[in-house]
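Structure first, commentary second.
Just so you know, these numbers come straight off a predicted model, no measurement behind them.
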Amino acid sequence: PRRSFSVRKMAQGPDFYADQFKAQGNDAFKQGNYSQAITLFTEALKFSPTNHILFSNRSAAYCQLKKWDKALEDANTCIKHKPDWPKGHMRRGAALHGYEYYDEALQAYEIAYSSNPEHPDFAKIKKQLKEGKLQEVNVEASQQYRDKAKVEFGKKNYKGALGFYKKALQLCPDDAVLYSNKSACHAGLAKWDKAIEDAEKAIELKPYWAKAWRRKATALHGKKKFDESIGCLRKVHELEPDPEIEKMIVHITNEKLAKSYLSDAYMPNHGNKRPGGGTKRSGGGDGGGGKKAKFDMNEEW
């Protein structure tokens, strides 16, 4: 009679199935399917619970997803089962690097490359860690300027706040939050073109950050570019669904329709006047109607 699956499974032995799942996990990893790879490596570990390679591979997948805590846990378990294997220490170094524990990461990498300290990859890693540590120092140094900018923004001294944010950016030139806050300052001054420029820089640095897209939407609204502003708000809602964003889209749509109606009904060349007197005039200033926007200041935007 034909043997059942479970009997045949036991006949193959656990190592066979561990290897099968590991191979599938490796394929998923190469294809960028890191969550699937983690699932497959986890299945493999059920058949080979002390396999250091599986813990190493799963740690690498967690790193790709920036789940540093789980990556570090697997790296430590890998080292526990195979303390003299360099790759386990490399995994630990990668997880600690992701955590921005630069000194601890360097120690792990030094162990990993102890047999070949001149390896070019080790030189690159040391350079990255040095740059990361320097950036960390710069962030701390820039905090005084961030704090001063907050105070000035709170007093609606947008020009003064801008000066401090510019100084902070000299120390942290790739900080999306600083560009976002600069955009808010420019918007407070009705400098819409500059507000858009800074918002776009924030988006370039953090494409999936809803606040950066909202900054751009605000600036575009200030320039009366309603359709583009609505497009940015739709992106905000896509990234962080919020009923308030839907209300804003409806509001701007109605504003656009009202502006279109008034433009048609009171054309200056026809001599028509708007209700309350006066003829239609275009806004001046930096590409916008001169009306200053209101914002709540929060560094954790």
Step by step, would you call E255 with H221 a side-chain hydrogen bond (donor to acceptor under 3.5 Å, both in side chains)?
CA-CA 10 Å; E255 186 179 355; H221 180 226; 2.7 Å; yes
Could you go through E240 and K235, starting from their C-alpha distance and side-chain angles, then the distance that decides it, and tell me whether this counts as side chain to side chain contact (heavy atoms under 4.5 Å, CB included)?
CA-CA 9 Å; E240 294 182 3; K235 182 67 176 181; over 6 Å; no
Heavy atoms, side chains only, cut-off 4.5 Å: are [X] and [Y] in contact?
X    : Y    : result
S180 : D198 : no
W192 : H186 : no
L45  : F55  : yes
W68  : K66  : yes
S114 : E110 : no
L96  : Q107 : no
M248 : R214 : yes

Out of curiosity, does [Y] fall in the hydrophobic cluster containing [X] (side-chain heavy atoms, cut-off under 4.5 Å, transitive links)?
X    : Y    : answer
L205 : V236 : no
I125 : L106 : yes
L220 : I230 : no
Y109 : I79  : no
L239 : I249 : yes

Approximate separation, where rounding is to 0.5 Å, of [X] [atom1] and [Y] [atom2]:
X    : Y    : atom1 : atom2 : value
K67  : I38  : NZ    : CD1   : 6.0 Å
N157 : E152 : CG    : CD    : 4.5 Å
L162 : N181 : CG    : CG    : 10.0 Å
T218 : K211 : OG1   : NZ    : 7.5 Å
Q31  : D27  : CD    : CG    : 6.0 Å
R234 : I245 : CZ    : CD1   : 11.5 Å

Tell me whether [X] contacts the main-chain N or O of [Y] through its side chain, where contact means a donor paired with an acceptor under 3.5 Å.
X    : Y    : answer
Y62  : A95  : no
N51  : L54  : yes
R215 : A199 : no
H81  : I53  : no
S183 : Y179 : no
S229 : F226 : no
W213 : P207 : yes

Stepwise side chain to side chain contact (heavy atoms under 4.5 Å, CB included) test for Q143 and Y145
CA-CA 5 Å; Q143 190 59 48; Y145 298 122; over 6 Å; no
Check E200, E228, E197, E204 against K216 for a salt bridge (charged side-chain N to carboxylate O under 4.0 Å, His left out) and give me the one that passes.
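With K216 as partner, E200, E228, E197, E204 yield a single salt bridge (charged side-chain N to carboxylate O under 4.0 Å, His left out), made by E200.
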What do the steps show when you test K206 against D175 for salt bridge (charged side-chain N to carboxylate O under 4.0 Å, His left out), and what is the final call?
CA-CA 9 Å; K206 293 181 71 173; D175 192 318; over 6 Å; no
Would you please test K82 and D84 for side chain to side chain contact (heavy atoms under 4.5 Å, CB included) and show each step?
CA-CA 6 Å; K82 191 74 172 178; D84 58 345; 3.7 Å; yes
With respect to R58, which candidate in T39, T42, L40, T77 satisfies the side-chain contact (heavy atoms from CB on, under 4.5 Å) definition?
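Going through the options one by one, the only one that passes is T42.
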Can you confirm if the NZ or CZ of K126 lies within 45° of the ring axis of F122 and under 6.0 Å from the centre of its six-membered ring?
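The answer is yes, since K126 meets both limits relative to F122.
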Anything under 30° is parallel, anything over 60° is perpendicular, the rest tilted; go ahead and classify H97 against Y102.
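H97 and Y102: perpendicular rings.
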Parallel, tilted or perpendicular for Y113 and H119, by the 30°/60° rule?
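Ring orientation of Y113 relative to H119: tilted.
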Tell me whether K80 is salt-bridged to D74, with the criterion being a basic N under 4.0 Å from an acidic carboxylate O.
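Salt bridge between K80 and D74, a charged N being under 4.0 Å from a carboxylate O: no.
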Considering all heavy atoms of both residues, which atom of [X] and which atom of [Y] are nearest to each other, and what is their separation?
X    : Y    : result
C63  : A71  : SG-CB, 3.6 Å
R91  : S59  : CB-OG, 3.8 Å
F153 : C185 : CD1-SG, 3.6 Å
A219 : I196 : CB-CG1, 3.3 Å
A44  : A18  : CB-O, 3.5 Å
S56  : W85  : CB-CZ3, 3.5 Å

For Y208, look at atom OH and say whether over 12 heavy atoms of other residues, nucleotides or ligands are found less than 6.0 Å away.
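Open.
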May I ask you to check whether over 12 heavy atoms, not counting those of Y101, lie within 6.0 Å of atom OH?
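No, OH of Y101 has 12 or fewer neighbouring heavy atoms, counting only those of other groups under 6.0 Å.
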Verify side chain to side chain contact (heavy atoms under 4.5 Å, CB included) between F29 and Q64, making sure each step is shown before the conclusion.
CA-CA 9 Å; F29 188 97; Q64 292 296 326; 3.9 Å; yes
Working for salt bridge (charged side-chain N to carboxylate O under 4.0 Å, His left out), residues E73 and K70
CA-CA 5 Å; E73 182 181 347; K70 293 183 178 295; 5.5 Å; no
